2 protein chains.
Amino acid sequence: MVEQSPAELDAVFHALSDATRRRMLARLASGEASVGELARPFAMSFAGASKHVKVLESAGLVRRRIDGRIHHCRLEAAPLAEADAWLRHYERYWTRTLDRLEALLKAEDRPKHDKGNAR
Amino acid sequence: MVEQSPAELDAVFHALSDATRRRMLARLASGEASVGELARPFAMSFAGASKHVKVLESAGLVRRRIDGRIHHCRLEAAPLAEADAWLRHYERYWTRTLDRLEALLKAEDRPKHDKGNAR
DNA sequence: GCGATACTGAACCGTATGGTTGAACAAAGC
DNA sequence: GCTTTGTTCAACCATACGGTTCAGTATCGC
């Protein structure tokens, strides 16, 4: 597997590795928000939250439009698609696990026959 | 959107935020490997690579089976599925973006008609 | 037993991270 | 013009990170 842009992926996954930032993205999924609106739900200083927004922005996950003194933030999901593409390379591994589990459960249902029949 | 296990996701995304660790996972996708085999491709001390393996392990992405002096590592993809599930909440946003792009390209093909027809 | 091999642990280093506070700035509202 | 509001910036702090080196432990082969 070859990565075309490791540094970008680094930034995106790092941005996602913090629950505060993930919740901010979740908020942005329901529409644009100012930095203040993004900060409000958190027991954290305004400046602290502002830093988180900057991390999201520099990972390309948030676009900022400055309108007077208000900074409007918009979700920019394209980098998430890249991260998802990376993850899905491993999809067959976790589905295989689920398949094994399913086969196991089926085998428990009728333990006397159907041997070696579970894909 | 509610997260059921923020700390786990933190650990998984953090583990993925380093290109060295992502390459180790890629290596493990092609089969079990010892810590030494995982370390070999990198211009890095053995101990350094061993630390990376530990990060992957504590994120639940790697299972270790100790056989004599060799530590065999196996890919454990289930946590990746969790991360993927999180990401896919945003799928519609990036597909929407791609749709817009597609519509734009179509509009360029025939710029005189088909106005307002791009979803 | 002895040396080589496979690995972890501990100590250390420089830098990044997540957080704070307080000052600064620009734009609105009065 | 003055105050309030929305926001960043700079400085600072503690802790975590990615890396190193060196020592330690366990196992294998002879």
Side-chain angles (χ1 to χ4, degrees), chain A residues 3 6-28 31-76 79, chain B residues 3 6-28 31-75:
Chain A
E3 289 185 11
E8 278 179 38
L9 271 186
D10 280 12
V12 172
F13 280 128
H14 169 247
L16 295 179
S17 74
D18 184 286
T20 300
R21 290 192 289 263
R22 287 198 303 276
R23 283 179 58 199
M24 285 180 167
L25 288 180
R27 165 66 187 78
L28 287 175
E32 273 198 8
S34 70
V35 174
E37 284 165 348
L38 288 177
R40 202 158 304 140
F42 301 101
M44 184 186 301
S45 70
F46 200 101
S50 167
K51 277 191 184 183
H52 279 299
V53 174
K54 207 159 73 173
V55 171
L56 291 170
E57 193 184 12
S58 63
L61 292 167
V62 157
R63 278 265 289 273
R64 189 190 302 249
R65 174 175 50 85
I66 300 178
D67 182 21
R69 58 186 166 175
I70 295 181
H71 295 213
H72 297 275
C73 300
R74 205 179 72 212
L75 178 62
E76 193 67 61
Chain B
E3 290 185 12
E8 279 179 37
L9 272 188
D10 281 13
V12 172
F13 280 127
H14 169 248
L16 295 179
S17 74
D18 184 285
T20 300
R21 289 192 289 264
R22 287 197 304 276
R23 283 179 57 198
M24 285 180 167
L25 289 180
R27 165 65 187 79
L28 287 174
E32 273 199 9
S34 69
V35 175
E37 285 165 346
L38 288 177
R40 202 156 306 141
F42 300 101
M44 186 187 297
S45 71
F46 200 100
S50 168
K51 275 192 185 180
H52 280 300
V53 174
K54 205 158 76 172
V55 171
L56 290 170
E57 191 183 13
S58 63
L61 292 167
V62 157
R63 278 267 289 275
R64 188 189 303 250
R65 173 176 50 85
I66 299 178
D67 181 21
R69 57 186 165 175
I70 295 182
H71 295 212
H72 297 275
C73 299
R74 205 180 71 215
L75 177 63

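Only a predicted model underlies this, so the values are computations on that prediction, with no experimental measurement involved.
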Practice item. Tell me, with the steps shown, if A:Leu56 and A:Glu76 meet side chain to side chain contact (heavy atoms under 4.5 Å, CB included). Key: CA-CA 10 Å; A:Leu56 291 170; A:Glu76 193 67 61; over 6 Å; no
Any side-chain N or O of [X] under 4.0 Å from OP1/OP2 of [N]?
| X | N | result |
| --- | --- | --- |
| B:Ser45 | D:dG19 | no |
| B:His52 | D:dG19 | yes |
| A:Lys54 | D:dC9 | yes |
| A:His71 | C:dC25 | no |

Check your understanding: Choosing from D:dC22, D:dC17, C:dC7, which nucleotide comes nearest the side chain of B:Ala47?
Key -> D:dC22
**Study point:** Nucleotide nearest B:Arg69 when distance is taken to its side chain, options C:dG22, D:dG18, C:dT5
**Key:** C:dT5
Need one value for [X]: base, sugar-phosphate or nothing, where a base atom within 4.0 Å counts as base even if backbone is also close, heavy atoms only.
| X | result |
| --- | --- |
| B:Arg21 | sugar-phosphate |
| A:Ser34 | sugar-phosphate |
| A:His72 | nothing |
| A:Gly36 | sugar-phosphate |

Study note, to complete from the structure: Taken to the nearest 0.5 Å, the spacing of B:Ser45 OG from B:Lys51 NZ works out to 8.5 Å
Whole angstrom value for the distance that separates [atom2] of [N] from [atom1] of [X]:
| X | N | atom1 | atom2 | result |
| --- | --- | --- | --- | --- |
| B:Lys51 | C:dC13 | NZ | P | 14 Å |
| B:Asp10 | D:dA16 | CG | P | 14 Å |
| B:Glu37 | C:dT5 | CD | P | 16 Å |
| B:Asp18 | D:dG19 | CG | C1' | 11 Å |
| B:Arg65 | C:dA6 | CZ | C1' | 15 Å |
| A:Leu16 | C:dG18 | CG | P | 12 Å |
| A:Arg22 | C:dG18 | CZ | P | 12 Å |
| A:Met44 | C:dT20 | CE | P | 6 Å |

Practice item. Let me know, please, whether B:His14 or B:Phe46 comes out on the 5' side of the other along DNA chain D by nearest nucleotide. Key: B:His14
Review point. Applying the side-chain contact (heavy atoms from CB on, under 4.5 Å) test to B:Leu28, which of B:Leu61, B:Val53, B:Val62 qualifies?
Key: B:Val62
Check your understanding: Are the side chain of A:Arg21 and the backbone of A:His14 linked by a donor-acceptor contact shorter than 3.5 Å?
Key -> yes
Practice item. Kindly indicate whether the side chain of A:Asp18, heavy atoms from C-beta on, has any atom under 4.5 Å from the side chain of B:Phe13. Key: no
